[in-house]
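In what follows, chains are A, B, ... by sequence order, proteins preceding strands, each numbered from 1. Basis for what follows: all heavy atoms, side chains included, without hydrogens, waters or symmetry-related copies.
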There are 2 protein chains.
Amino acid sequence: MVAVTDDRPRILTVGSETPALVSGDLDDDDTLELAMRRLITDQVGLSVGYVEQLYTFGDRARARADGLRTVGVAYLVLTREVTTTGRWVDWYHLLPWEDRRGNAGSPVPGLMSGLERWAGRDRERRRRVQLSFGIGETPWDGVRALDRYELIYEAGLAAEWFVDHGEEPDDRDRFGEAMHLDHRRVAATALSRLRGKLSYRPVVFELLPETFTLSHLRRTVESLAGQKLHAQNFRRLVERGGLVEGTGRMVTTGGRPAELFRFRRDVLMERPQVGVGRL
Amino acid sequence: MVAVTDDRPRILTVGSETPALVSGDLDDDDTLELAMRRLITDQVGLSVGYVEQLYTFGDRARARADGLRTVGVAYLVLTREVTTTGRWVDWYHLLPWEDRRGNAGSPVPGLMSGLERWAGRDRERRRRVQLSFGIGETPWDGVRALDRYELIYEAGLAAEWFVDHGEEPDDRDRFGEAMHLDHRRVAATALSRLRGKLSYRPVVFELLPETFTLSHLRRTVESLAGQKLHAQNFRRLVERGGLVEGTGRMVTTGGRPAELFRFRRDVLMERPQVGVGRL
DNA sequence: GTAATAGTGTCTTTCAGACAGTATGAC
DNA sequence: GTCATACTGTCTGAAAGACACTATTAC
C-alpha cells in the first residue's frame with residue numbers, strides 16, 4: 001500500500017517489531033483480489049481503490065514457523081494517505097539509495113564501496129553493479145530498483161541476508177531499514193513496477209486529491225521517480241498531453257497563487273499510452 | 001511458450017482434445033520457476049531460456065475435478081520453435097482479432113456486431129468496447145489484448161463462457177479456438193505482456209536465431225505486434241539504436257541479398273530502455 | 001523593494017513518419 | 001530486360017530538453 005505525503009512516498013506497515021506488509025491467508029474468498037481487500041479491511045481498517053497484482057513469491061525458503069510452505073501473491077495498492085491503525089513508513093528509509101532528488105551523486109555513503117568490495121575482480125558481478133547502479137556510460141534507470149535491492153541482498157549488505165541464511169551478521173555496514181521475511185523485496189518490486197507504470201499510465205492521480213496544483217503533481221511524480229524533473233517542461237507535457245484540465249480555482253502557495261487542476265479521465269479514450277512521459 | 005515461425009507467432013499446447021498449456025502441480029521444487037522448468041522438461045521434453053512470471057490466477061471458479069481449489073502461476077517462455085511432443089498452434093487462431101497485418105479494418109467478420117449487440121445502450125459497456133477495440137477517436141492499442149478477450153468472454157462470444165457457467169451454448173457466433181479452462185485468458189495475458197515489452201526490452205531476440213536479416217527481425221516483430229511496420233524506418237531505428245550489428249555475411253532472399261545481423265548485447269549497458277520503439 | 005512560486009515564449013536538437021530513390025540478386 | 005527484395009537520402013512535423021522571461025502573491 002503506497003501513498004505520497006509531503007513529497008515522500010510511504011508504504012503502510014503493521015507489526016510492532018520489524019515492519020511488515022499487510023498479509024494473511026487466502027480463505028474461501030472468490031478471488032485473490034477480494035481476499036486481499038478483506039485482509040486490508042481487517043488489519044488496517046481501510047477500503048481501497050486502485051489495486052494491481054504485483055508478483056508471486058514462492059521460493060521454498062519462505063517456509064513458515066509451522067513448517068508449511070507458502071506461496072505469496074503480492075498486490076500493489078495506491079491510495080491517498082489516511083490515518084489508520086497501520087504505520088506509514090518512508091519508502092526511502094527502506095531503500096535509501098533510490099532517492100536521488102538531492103545531490104545527484106551517491107547519497108548513501110559506503111554503499112558503492114561495499115558493492116565494489118563484493119564484486120572484486122568478478123566480471124559478471126562488476127557488470128551487474130554497473131548496469132543496476134548506472135556506473136560509467138550506463139545511465140541510472142529508476143525502474144531497476146529491484147535489481148539494485150537484489151544485488152545489495154546478495155552482497156550481504158541487507159540485514160535480511162543473515163536472517164535468511166541463519167548466520168551471525170559480520171561487522172559490515174547494512175543499508176536501509178530491514179523488513180519482515182522477504183517484504184523488503186516486495187517493496188522493491190513495487191517500486192520498480194510503479195516507476196515503470198508512471199510513464200505510460202496515469203497512475204499518479206490515484207495518489208492525489210481530486211484537485212491539485214501542477215507543482216503538487218510534479219513533486220509527487222518526482223518523489224516516486226526519485227529524481228527531479230524539469231518544472232517548465234513537465235507543466236507543458238501534462239497540459240498539452242491533455243492529461244489535466246484547469247478548474248479556474250486558485251490556491252495560495254507562498255508565491256504566486258497556483259491554479260487547481262483535475263485529471264481528465266477522457267484522455268484514456270484519446271491516446272493509448274498516457275502517462276507523465278519518460279523519466 | 002511462444003515461438004515465431006514463418007512470420008506467425010505460435011504457442012505450445014498439449015492434450016488431444018481442446019488445446020491446453022503445459023501445466024502441473026508445484027512439488028518440492030526450490031522455486032516456482034524451477035517447478036515450471038521441470039514441468040516443461042517432463043511434458044514436452046524441452047529446456048528453455050528466457051522465462052518471465054506472467055500472472056497468478058486464483059478465482060474460485062478454477063476448482064478442479066477433485067473439488068480442490070487451485071491457484072495457478074503462469075509464466076511466459078520465449079524460445080525458438082523446435083520439434084517437440086507438444087503441438088504448436090497459431091496464436092491468432094486462438095485470438096484472430098489480434099492480427100491486423102492484413103486489411104487494417106475488422107478482419108473478423110461478425111465480431112464487432114456481436115459486441116455491439118451485447119453493449120446495447122449501456123454507456124459503460126459501449127465505452128469499454130470503444131476503448132479496447134479502438135473505435136472512433138480512440139486508436140487501436142495492441143497491448144489491450146487481454147481487455148479485448150475479457151470483453152469477448154463477458155459478451156458470451158467465447159466458447160469458454162458457456163463451459164464456465166454450465167449453460168447450453170445459444171446460436172450466436174463464437175470467435176477464435178477455445179482452450180482448456182482459463183488457458184485462453186492466459187494466452188491473451190501473455191500477448192498483452194509481450195507486446196508491451198517489445199518496445200522497451202530486446203525480447204524479440206529470444207525468438208530469433210543467432211543471426212538474422214533485418215527483414216526477418218521486422219517480420220518477427222510485426223507478427224507479434226499484429227500490425228505492419230514501416231520497413232525503412234524500422235531499419236534505421238534498430239541500426240541507429242545500436243540494437244544490432246552487421247556480421248558482413250550475406251544470405252540470398254529472392255531479391256537483393258541481405259546482410260546477416262546479430263543482437264548487440266552491449267546495448268544494455270548504454271541505454272536503459274532498449275526495444276524496437278513505439279508500435 | 002526582495003523572495004518565492006506560478007506560468008509563458010521560444011530556440012535547438014532529436015526523432016518518428018513518409019516518400020523517393022538506388023542496389024543487387026533471380027529469372 | 002522485369003520482378004523482388006535490400007538498402008540509402010532527405011524532407012517534414014512533433015516532441016524533448018534547455019533557457020530566458022513575465023506574473024502574482026507574501027513580507
Would you kindly give the [atom1]-to-[atom2] distance between [X] and [N], to the nearest whole Å?
X        : N      : atom1 : atom2 : answer
B/Arg235 : D/dG9  : CZ    : C1'   : 14 Å
B/Phe234 : C/dA16 : CZ    : P     : 12 Å
B/Leu243 : C/dC15 : CG    : P     : 14 Å
A/Met250 : C/dT5  : CE    : C1'   : 12 Å
A/Leu237 : D/dA16 : CG    : P     : 5 Å
B/Glu239 : C/dA16 : CD    : C1'   : 17 Å
B/Arg219 : D/dA6  : CZ    : P     : 7 Å
B/Arg218 : D/dC7  : CZ    : P     : 11 Å

Using side-chain hydrogen bond (donor to acceptor under 3.5 Å, both in side chains) as the criterion, list what pairs up with A/Glu52, not counting sequence neighbours.
->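 In terms of side-chain hydrogen bond (donor to acceptor under 3.5 Å, both in side chains), with neighbours along the sequence ignored, A/Glu52 is linked to A/Tyr50, A/Arg193, A/Lys197.
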Looking at residues at least two apart in the chain, or sitting in another chain, which of them share a salt bridge (charged side-chain N to carboxylate O under 4.0 Å, His left out) with B/Arg262?
->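 Scan of B/Arg262 (salt bridge (charged side-chain N to carboxylate O under 4.0 Å, His left out), adjacent residues dropped) gives B/Glu245.
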Under 4.0 Å protein heavy-atom contact, by nucleotide of nucleotides 18-27 of chain C - B base, S sugar-phosphate only = BBB--BBB--
For A/Tyr55, ring-ring contact (aromatic ring centres under 6.0 Å, His included) partners two or more places apart =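 With sequence neighbours excluded, A/Tyr55 shows a ring-ring contact (aromatic ring centres under 6.0 Å, His included) to A/Phe57, given in chain and number order.
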Test side-chain contact (heavy atoms from CB on, under 4.5 Å) on B/Leu76 and B/Gln53 and set out the steps.
-> CA-CA 6 Å; B/Leu76 170 62; B/Gln53 192 183 293; over 6 Å; no
Closest nucleotide among D/dA6, D/dA16, C/dG7 to the A/Arg240 side chain |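 For A/Arg240, the side-chain atoms sit closest to D/dA16.
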Any side-chain N or O of A/Thr253 under 4.0 Å from OP1/OP2 of C/dT5?
->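 False: A/Thr253 side-chain N/O out of range (4.0 Å or more) of C/dT5 OP1/OP2.
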Where at least one partner belongs to residues 239-271 of chain B, residue pairs that pass ring pair (Phe, Tyr, Trp, His ring centres under 6.0 Å), sequence neighbours excluded |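 Of all non-adjacent pairs touching residues 239-271 of chain B, those that pass ring pair (Phe, Tyr, Trp, His ring centres under 6.0 Å) are B/Phe205-B/Phe263.
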Which donor-acceptor pairs under 3.5 Å do the side chains of residues 126-133 of chain A make with protein atoms, sequence neighbours left out?
{"unit_1": "A/Arg126", "atom_1": "NH1", "unit_2": "A/Gly120", "atom_2": "O", "d": "2.5"}
{"unit_1": "A/Arg126", "atom_1": "NH2", "unit_2": "A/Glu116", "atom_2": "OE1", "d": "3.1"}
{"unit_1": "A/Arg128", "atom_1": "NH1", "unit_2": "A/Glu154", "atom_2": "OE1", "d": "3.4"}
{"unit_1": "A/Arg128", "atom_1": "NH1", "unit_2": "A/Glu154", "atom_2": "OE2", "d": "3.4"}
{"unit_1": "A/Arg128", "atom_1": "NH2", "unit_2": "A/Glu154", "atom_2": "OE2", "d": "2.8"}
{"unit_1": "A/Gln130", "atom_1": "NE2", "unit_2": "A/Thr138", "atom_2": "OG1", "d": "3.2"}
{"unit_1": "A/Ser132", "atom_1": "OG", "unit_2": "A/Arg128", "atom_2": "O", "d": "2.9"}

